[in-house]
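Presented below is the structure to which this report refers.
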Amino acid sequence: MFTWNIGNKIMKPENGMLFMNIVPVTTLTISALQGVEVGRLQLAGTLIVIIALVMNNLIQRQRKEAGEYAK
């Protein structure tokens with residue numbers, strides 16, 4: 001919890017909130033490493049989450065460069 005709060009302070013809460021979506025991906029990864037068989041739908045869901053996070057990050061960067069965010 002302590003490191004999560006420090007990370008949110010560094011990354012800003014709006015980015016920290018996005019990474020809450022990575023929790024199921026982490027769980028899936030740990031389960032797969034423990035030998036649990038991962039299904040196609042689980043892999044598809046993981047891919048969707050990763051793509052959404054990357055796309056959101058790219059869009060935020062474009063908006064920031066264009067000056068759409070107030071400082």
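All of these numbers come straight from a predicted model, not from anything done at the bench. Residue indices begin at 1 and follow the sequence shown.
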Going by the side-chain hydrogen bond (donor to acceptor under 3.5 Å, both in side chains) test, which pairs reach into residues 35-44, not counting sequence neighbours?
none
If you link I, L, V, M, F, W and Y whenever their side-chain heavy atoms are under 4.5 Å apart, who else ends up in the same group as L43?
L28, V38
Same cluster for M55 and L47 if Ile/Leu/Val/Met/Phe/Trp/Tyr side chains link at under 4.5 Å?
yes
Would one find more than 12 heavy atoms of other residues, nucleotides or ligands at under 6.0 Å from atom CG of L58?
yes
To the nearest 0.5 Å, what is the distance between CG (N57) and CD (Q62)?
10.5 Å
Could you tell me which residues satisfy side-chain hydrogen bond (donor to acceptor under 3.5 Å, both in side chains) with N56, sequence neighbours excluded, listed by chain and number?
none
Between the CD atom in Q34 and the CD1 atom in I30, the distance rounded to the nearest 0.5 Å is 7.0 Å
Nearest 0.5 Å, what's the CG-CD1 distance between N21 and I48?
12.0 Å
